K.L.:
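Before I ask anything, here is the structure I am working with.
Since we're looking at a predicted model, the values are computed, not measured. Within every chain, numbering begins at 1; the chains are lettered A, B, ... in the order of the sequence lines, protein sequences first and strands thereafter.
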Amino acid sequence: MTRDMSDRQITATAPALVMRGRPEIRYKCKTPMKGMRMMMRVLMAALAALILAPVASFAQNGPLRIEITDGVIEPLPYALPGFIAETGDAGGMAADITRVIGADLSGTGLFREIPQDAHIQRFGAFDTPVSYSDWTAINAQALIVGAVAMQGDKVVVKFRLFDVYSGQQLGDGQQLAASVGSWRRLAHKVADVIYSRITGESGYFDSRVVYVSESGPKNARQKRLAIMDYDGANIQYLTDSSTIVLAPRFSPNGDRVLYTTFETGFPRIKMLNVGNVSAQLLPEVPGTMTFAPRFSPDGGAIVYSMEQGGNTDLWKMGVNGGGAQRLTNSPSIETAPSYSPDGGRIVFESDRSGTQQLYIMSASGGEPTRISFGEGRYGTPVWSPRGDLIAFTKQHAGRFHIGVMRTDGSEERLLTASFLDEGPTWSPNGRVIMFTRESPGAAGGAQLYSVDISGRNLKAVNTGGAASDPAWSPLLP
Amino acid sequence: MKLGTKAVIVLAGLALAACNNPDKYAGGAGVVDPGGAYGDGGITQGGINDPNSPAYFSQTIGDKVLFAVDQSTLSPEARTTLSGQAQWLSQHPQYAAIIEGHADEQGTREYNLALGARRANSVQEYLISQGVAGSRLRTVSYGKERPLEVCSTEDCYAKNRRAVTVISLGAGS
């Protein structure tokens, strides 16, 4: 396929995906949890166990151990024959969709694709019966069979997932349709279903990331807000680079973005509508700086930092800019807030103890409880969408780390280490963390990285240029 | 006496030329025109030899003070510089100033914004204590967004942990 569809912009106005309930796909099995699926659940549990493991060592007062696990899990081998083109003009699209599904699955580090040239069985049609022995022979544990048809300006994709060793289809076949411009979302949706069926967890591929695109030298860096698919495709710029912009965050349904801008010469909070790329400054008290805004989980409120007379505290206001209310009142720095998913609590950083540490308080303010007690400084806490973990940046002995801990501060685990890692953001399913990694020196630059919560699968995210401050959207509707 | 002053000025000029950064943000001047009374248009008149010029303020008196890691307290050297700044501002009531607070890159972004604000505020409070009207001063923090030096060693970090007093035309009301 020669047309480069990645140039197309998917905006919030793109037609929603049409999900039709399994039309011509017939099958009888209700696959019990066994075989491949059971194996994957065990695998996911093992990943979770990795996070729980170092409790004892952390609870003591001794030096915090830095443990970065790697490569302990064997990825599950799967086969993904090229999706069948069911209309004459669907060949390129079928190949593209197949490629994106494979990139999604293999990109998790949990799955390994068996190259197509090793396949024995070739599917002439979507309904060709599966010859399981052909797939066990090449050690495929999962098999994905799909087909693509073009219907006017719509792409229709259908697929089935097979558990090769139990010789059964896993779950229903599904058919999805979308406008041609949204074909990548179709592929991500298929990959999300497959990921979800095999792991028992919700997926995260059909999602977007808002971030700061960077260019220019370190002492005159130009920054502009950008949005992209989670995998770096479909980059769209939301602001020009005429002023510094920092730390964007999505609204709970992904339709708006809060960020900090220097456009007035002073840090101010701005709210941007992703669909029509219009933005407005939120009100401020004259002579103050406002920054670090985040939406509440119900989308109705904004928690943020306000600096007055050199002192920074946390405040809350309505999403329309009214009803500002002080949440902390301390001569120390209080910033980088993050709501719990139920909206009841806020985790934030404060240096009231003398150094940056993490605290949790009620979403209406009140006395906070400190949760970080390891050596070094802790900042940028972000509550997991599952509610169980808090991701953070840790600075210790001249290094930066991304880590996770329980909400009571226990079971701290550092996932990365480098000259400068900061600003974690969670995938919609709470399994993967994206963050900024900056390299040192005059030629240093920022890049987005992702890592899963066990510390595995650390990799750069392709943004086509320097980038920082990622914030992951929820799963798209 | 006059000769001595000139010598100092020339030396200061040389030193600046030696480490001057061609970038327009060198010296920590504002990245964006804050607008209004703080606009920086037209403040380049007069050279460093003219004690009434903003160039004299920034280069001879010194527009920068430095801070220790994660600190915003003023060192004795900083106080000396700021006393000079306050005296100049008192003698030149037609000018206002924006005090920019900056941090080095060893810190998270939003914390460093707050830290830069603390530093700018320390300078502002000291200038006010020396008789400068608070209405002529405003603070802003750039956090770690605008380092002066770009290496990643303590030599550079020490110069980046700074507050810069940027002179602008038009006194506050």
K.L.:
Does the salt bridge (Lys or Arg N to Asp or Glu O under 4.0 Å) test come out yes or no for B:K144 and A:E438, once each step is laid out?
P.N.:
CA-CA 13 Å; B:K144 62 175 173 178; A:E438 190 135 357; 5.5 Å; no
K.L.:
Is A:T288 close to chain B through its backbone or its side chain, or both, or neither, when contacts mean heavy atoms under 4.5 Å?
P.N.:
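Only the backbone of A:T288 comes within 4.5 Å of chain B.
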K.L.:
From the options A:H396, A:E349, A:H401, A:M405, select the one residue that forms a side chain to side chain contact (heavy atoms under 4.5 Å, CB included) with A:Y378.
P.N.:
A:M405
K.L.:
Among A:T335, A:T436, A:I333, A:T312, which residue forms the greatest number of heavy-atom pairs with chain B at distances under 4.5 Å?
P.N.:
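Ranked by contacts with chain B, first place is A:I333.
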K.L.:
Go through the steps to decide whether A:D421 and A:R437 satisfy the test salt bridge (Lys or Arg N to Asp or Glu O under 4.0 Å), and finish with yes or no.
P.N.:
CA-CA 4 Å; A:D421 285 348; A:R437 171 167 288 183; 2.7 Å; yes
K.L.:
Looking at A:T380, A:L420, A:L246, which one has more heavy-atom pairs under 4.5 Å with chain B than the rest?
P.N.:
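Highest number of heavy-atom pairs under 4.5 Å: A:L246.
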K.L.:
Measure the spacing between OG of A:S450 and CH2 of A:W472 and express it to the nearest 0.5 Å.
P.N.:
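One gets 6.0 Å once the value is rounded to the nearest 0.5 Å.
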K.L.:
Checking salt bridge (Lys or Arg N to Asp or Glu O under 4.0 Å) for the pair A:R352/A:E334: CA distance, chi angles, key distance, verdict?
P.N.:
CA-CA 8 Å; A:R352 62 185 62 197; A:E334 276 74 36; 3.0 Å; yes
K.L.:
For B:H92 and B:W88, take the angle between the two ring planes, folded into 0 to 90°, and tell me which bin it lands in: parallel under 30, tilted 30 to 60, perpendicular over 60.
P.N.:
parallel
K.L.:
Looking only at heavy atoms, which of residues 103-114 of chain B get nearer than 4.5 Å to chain A?
P.N.:
B:E105, B:Q106, B:G107, B:T108, B:R109, B:E110, B:Y111, B:L113, B:A114
K.L.:
So which part of A:D351 gets closer than 4.5 Å to some heavy atom of chain B, the side chain, the backbone, both or neither?
P.N.:
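Interface part for A:D351: side chain.
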K.L.:
Going by residue number, which parts of residues 69-85 of chain B are within reach of chain A, meaning a heavy-atom gap below 4.5 Å?
P.N.:
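The stretch touches chain A at B:D70.
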K.L.:
For A:T393 and A:Q395, what are the C-alpha separation, side-chain angles and deciding distance, and is it a side chain to side chain donor-acceptor pair (under 3.5 Å)?
P.N.:
CA-CA 7 Å; A:T393 305; A:Q395 261 181 280; over 6 Å; no
K.L.:
About how many Å separate CD1 of A:I346 and CZ of A:R294, when rounded to the nearest 0.5 Å?
P.N.:
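Reported to 0.5 Å precision, the distance equals 11.0 Å.
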K.L.:
How far does OG1 of A:T328 sit from CG of A:D313, to the nearest 0.5 angstrom?
P.N.:
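Nearest 0.5 Å value for the OG1-CG distance: 3.5 Å.
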K.L.:
Quick one: pull up OG in B:S152 and OH in B:Y157 and give me the separation to the nearest 0.5 Å.
P.N.:
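So the gap between those two atoms works out to 4.0 Å.
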K.L.:
Can you tell which part of B:S141 gets under 4.5 Å to a heavy atom of chain A, answering side chain, backbone, both or neither?
P.N.:
both
K.L.:
Looking at CZ of A:F392 and CD of A:Q357, how far apart are the two atoms once the value is rounded to the nearest 0.5 Å?
P.N.:
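If I round to the nearest 0.5 Å, the distance is 10.5 Å.
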K.L.:
Rounded at 0.5 Å granularity, tell me how far CD in A:E412 sits from CZ in A:F373.
P.N.:
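These two atoms lie 11.5 Å from each other.
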